Amino acid sequence: MSRYEPSRIEPHWQQEWDKAGAFTAKRDPLKPKYYVLEMFPYPSGRIHMGHVRNYTMGDVVARHKAASGFSVLHPMGWDAFGMPAENAAMERGGHPKDWTYGNIADMKDQMKPLGLSIDWSRELATCDPEYYGQQQAMFIDMMEAGLVYRKAAVVNWDPVDMTVLANEQVIDGKGWRSGAAVERRELTQWFFKISDYSEELLSALDGLTNWPEKVRLMQANWIGKSRGLQFGFETVGAPAGFETLEVYTTRPDTLMGASFAAISPDHLLAKTLEADPKVAAFLAEARKGGTTAEALETAEKIGLDTGIRVKHPLDSKWELPVWIANFILMDYGTGAIFGCPAHDQRDLDFARKYGLPVLDVFKQHKDGPDVGDIAFVAPKTDVVQYVRAINHSGMLDAEKAIDTAIEFFEDNSIGKEVTKFRLRDWGVSRQRYWGCPIPVIHCATCGVVPEAKANLPIELPYDVSFDIPGNPLDRHPTWRDCTCPKCGAKARRETDTMDTFVDSSWYYARFTAPRATTPTVLEDAAYWMNVDQYIGGVEHAILHLLYSRFFARAMHKTGHLPVKAIEPFNALFTQGMVTHEIYKTTDAQGRPVYHLPEDIVWKDDKPFVRVRTRDLSIFPEANYLSKDEVSPGIFEFLQAAEVIPSAKMSKSKKNVVDPMNIIASFGADTARWFVMSDSPPERDVEWTSSGAEAAFKHLSRVWSLCDRIGQMPADHKGEGDTDLARATAKAIDEVTKGIEGFAFNKAIASLYAFTNT
RNA sequence: GCCCGCGUGGUGAAAUGGUAGACACUGGGGACUUAAAAUCCCUUGGCCGCAAGGCCGUGCCGGUUCAAGUCCGGCCGCGGGCACCA
């Protein structure tokens, strides 16, 4: 009888797999291929249970497919650029590069004992010049293909750190690091023309039948297609060049309820009027505050009457005032609207504040024309009674009324149907050091010129310092200074780097030929693409996946991917988090105090802190009290405690379970088994030490069971036992279905049932 | 505000429209042991009953069906996404 000793078995087999190159992906013309990919990690330095769950799912699929006769590609890499490395350099000194590569080495050491079937020969890090140099080559190709351009855009600017901040980095209108009030600034930035693909990225979602419905919906909403009418108001008293004012509306059926027109503070007309000090003062006021959702939400609606008038398109004697209003967005529609207060809440708020008329289009308000303070927005699917209609009368389906209105404008050549998308072009400029340098050069005579491909990669300089705010590339003269690849004159290198989402938008393609001297090798890409199964967190449902879908199309256009790979992920699975229950109270100073459930044992309805007799030391970071220290206070503590059953694991809550400790105590298979059991994989799973112990016990039982069978005489091994044969067949069937249907919890349950028989 | 998803024991959860609660955790009882740990066995939705057994149970109210956790309509609650997008 041997004992189940994972610490002896696991390293042994991991070495054997390594020696045999068991997981090295090979193009095999005799086998169907299968590409399984988990979203690659950011090298923070520590793996956590979420990683274990994510990679175990992929590993189960990869091993299942390999065993089913597929030639499997299951690679791993590092999403290695980004701000944390720079923050670490600023806070602790050192260099982002050293910090990142150190973390990669540490994390790889932690991942190895998990025994994943990964082809490590294809490992890549996005901060390798070998990787980002190819990204630069593609950037240049995309410039030539007209998919990249520069334009001025309004951004969140932190005046202390001297950098652009992402919206998520602005908290209450202040920079998250500096605490300085964020300004809206117009900067010239680089953009990818993702909006060229709005229609296609939207319609192709229908073909992604193996993606979660939820993700497809979120993407569809993000792309945000809408159909409407665009027309020009004839202006009265406007400056030269503004004889008409183009507006866009999705509700032309309410045009007879118009009572004003409004333009964005960023509208060209507003800027033209800025010579007027009153206008200038208003625009300054309107531009204050960040561009974040919160800032916009709490901002009060303010406006200024320009004195300009426009003629109603259906009645030239009817004139409407033109206002500049802070709630009109420049980058949607034409940056100008007609205001219909009765049937749009924003317009109503605005009209009430400035005393503008409110005209009801529908017969909604029996007691009179006043709609009060709540606008009536007729759902497009409703049949409504129009009292002020354009070219029809009485009851009509709102959708049809919109159609007839558009028809009327088109028939009279005074407007046309226009489809708009919410999706904006992707701004990729970052004023940061630790990212992929944008490979262009600013030349006094030639303008903006792409770097010559022969000069790639444009490597980041190592000798930089982070002791003063701002982008160190900006103040690195020998790196910045260069010669123009076109005319040979002295020129200046672009110091912006790319958004790290660019790095992760094509790594799946690079894995098919990770050492190639071109971004991809079409032959390899044609064999391995698409990713058959992609697995990762829902938090990437929109940005990463949308950018990747765009990038695959751009890579096809620039000749780096075959046409079959334009939709790169055949199937997507979004897995839930690993959470951990926690007891929370506050100490005398009001600071939160946390206790983990495994600290506490209930006995006769009284809790006391667990004293471990076995030296498992699963949670060395938790504060254990010895028996003598068990104070009566623990009872009061738990009485007052707030129980948070599914708290996300986080350092501040001290409820992080380090996979390394679990592996040390129970082995990797226990950790893997547990995170796959219990909860359906798309849902959060709650980590419990009892559950982990149960997983270990079960694996031990299986071990001793096999041991006993091994020692049985041949004629007692159960051959010919029809009940056993039936149970075996059932278990195989259920496990197969469980794996293929991403119901690992059910596969595991059926294995429990099998060993219980 | 708009869009989407989910409500099943003490807990995590199972259940092609067909015996609700598989499997696991926790709790209770027992065996082994000087004792404990480990291991094994029994039990564990609620109520009534000594028992055999019975009744009630999938958020709430209705509907379809021979049959509803599952399908349809309405409510309530929770969670997620988007949001001055005209």
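Quick caveat: nothing in here was measured; it's all calculated off a predicted structure. Naming convention: chains lettered A, B, ... in sequence-line order (proteins, then strands); numbering from 1 in each chain.
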Side chain to side chain donor-acceptor pair (under 3.5 Å) assessment of A:Gln575 paired with A:Glu682: CA-CA 4 Å; A:Gln575 109 263 12; A:Glu682 68 275 13; over 6 Å; no
A:Phe260: which of A:Phe233, A:Phe350, A:Trp318 passes ring-ring contact (aromatic ring centres under 6.0 Å, His included): A:Phe350
Spacing of A:His343 atom NE2 relative to B:rA86 atom P, expressed in whole Å: 17 Å
Sugar-phosphate only, base, or nothing, as touched by A:Ile748 at under 4.0 Å among non-hydrogen atoms: nothing
d(CD1, A:Ile337; P, B:rC84) in whole Å: 15 Å
Any-strand Watson-Crick or G-U partner of B:rC50, both distances under 3.5 Å: none
Partner nucleotide of B:rU33 by Watson-Crick or wobble geometry (both distances under 3.5 Å): none
Atom P, compared across B:rG79 and B:rA67: separation rounded to whole Å: 37 Å
Assigned glycosidic conformation for B:rG53 [threshold 90° from 0]: anti
Below 4.0 Å: OP1/OP2 of B:rA86 and any side-chain N or O of A:Tyr332: yes
Whole-angstrom distance between B:rG57 and B:rA20, as gauged at atom C1': 9 Å
Along RNA chain B (nearest heavy atom to each residue), the more 5'-positioned of A:Thr249 and A:Gly691: A:Gly691
salt_bridge(A:Lys151, A:Glu186) N-O dist < 4.0 Å: no
Value in whole Å for how far the C1' atom of B:rA86 lies from CZ of A:Phe350: 14 Å
Check ion pair A:Lys400-A:Asp403 (N to O, under 4.0 angstrom): no
Rounded C1' spacing from B:rU65 to B:rU70 in Å: 13 Å
Nearest-Å distance once atom P is located in both B:rC42 and B:rC25: 14 Å
C1' atoms of B:rA68 and B:rU58, separation to the nearest Å: 11 Å
Euclidean distance for C1', B:rA52 against B:rC61 (whole angstrom): 38 Å
Contact nearer the 5' end of RNA chain B, comparing A:Leu217 with A:Lys697: A:Leu217
A:Phe674 CZ to B:rA13 P, straight-line distance once rounded to whole Å: 11 Å
Under 3.5 Å on both distances, the Watson-Crick or G-U partner of B:rC25: B:rG10
Residue-phosphate contact under 4.0 Å: A:Asn745 side-chain N/O, B:rA14 OP1/OP2: yes
Residues A:Asp425, A:Ser195; criterion side chain to side chain donor-acceptor pair (under 3.5 Å); working and verdict: CA-CA 5 Å; A:Asp425 278 335; A:Ser195 64; 2.7 Å; yes
Phosphate-side-chain proximity, A:Arg683 and B:rG5, N/O vs OP1/OP2 below 4.0 Å: no
Complementary nucleotide for B:rA38 - Watson-Crick or wobble, under 3.5 Å: none
For atom CE of A:Met218 and atom C1' of B:rC2, their distance in whole Å: 15 Å
Value rounded to 0.5 Å, distance of CG in A:Leu255 from CG in A:Leu229: 7.5 Å
Between C1' of B:rC85 and CD of A:Gln345, the distance in whole Å: 16 Å
Between B:rU44 and B:rG53 - P atom distance, rounded Å: 14 Å
Who pairs with B:rG5 - Watson-Crick or G-U, where each distance is under 3.5 Å: B:rC78
Cationic N near anionic O, under 4.0 Å, A:Glu734 to A:Lys746: no
Short side-chain N/O contact to B:rC3 OP1/OP2 from A:Lys214, under 4.0 Å: no
Atom pair distance, as rounded to whole Å: CG in A:Asp344 and P in B:rC2: 14 Å
Residue A:Pro680, side-chain atoms from C-beta onward, closest of B:rA24, B:rA13, B:rC84: B:rA13
From B:rG12, B:rC82, B:rC84, nucleotide with atom closest to A:Ile542 side chain: B:rC82
Residue matched to B:rC71 through Watson-Crick or wobble contacts both under 3.5 angstrom: B:rG63
Sugar-phosphate, base or nothing in reach of A:Asn756, heavy atoms under 4.0 Å: sugar-phosphate
Nucleotide of B:rU26, B:rC23, B:rG12 approaching A:Ser690 most closely (side-chain heavy atoms): B:rU26
Lys/Arg-Asp/Glu bridge criterion (N-O < 4.0 Å) met for A:Glu410, A:Lys416: no
Nucleotide forming a Watson-Crick or wobble pair with B:rG57, both distances under 3.5 Å: none
Sugar-phosphate, base or nothing in reach of A:Tyr752, heavy atoms under 4.0 Å: sugar-phosphate
B:rU11 to B:rG27 separation - C1' atoms, rounded to the nearest Å: 11 Å
Residue A:Ala694, side-chain heavy atoms: nucleotide from B:rC3, B:rA14, B:rC25 that is nearest: B:rC25
A:Glu682 CD - B:rC6 C1' separation (whole Å): 12 Å
Any N/O donor-acceptor pair, A:Lys746 side-chain to B:rC23 base, under 3.5 Å: no
Lys/Arg N to Asp/Glu carboxylate O, A:Asp733 vs A:Lys737, below 4.0 Å: yes
OP1 or OP2 of B:rA24 under 4.0 Å from side-chain N/O of A:Ser677: no
Sugar-phosphate only, base, or nothing, as touched by A:Arg424 at under 4.0 Å among non-hydrogen atoms: base
Proximal nucleotide (of B:rG81, B:rA86, B:rC84) relative to the A:Thr250 side chain: B:rA86
Minimum-distance nucleotide to A:Ser226 side chain [options: B:rA86, B:rA83, B:rA22]: B:rA86
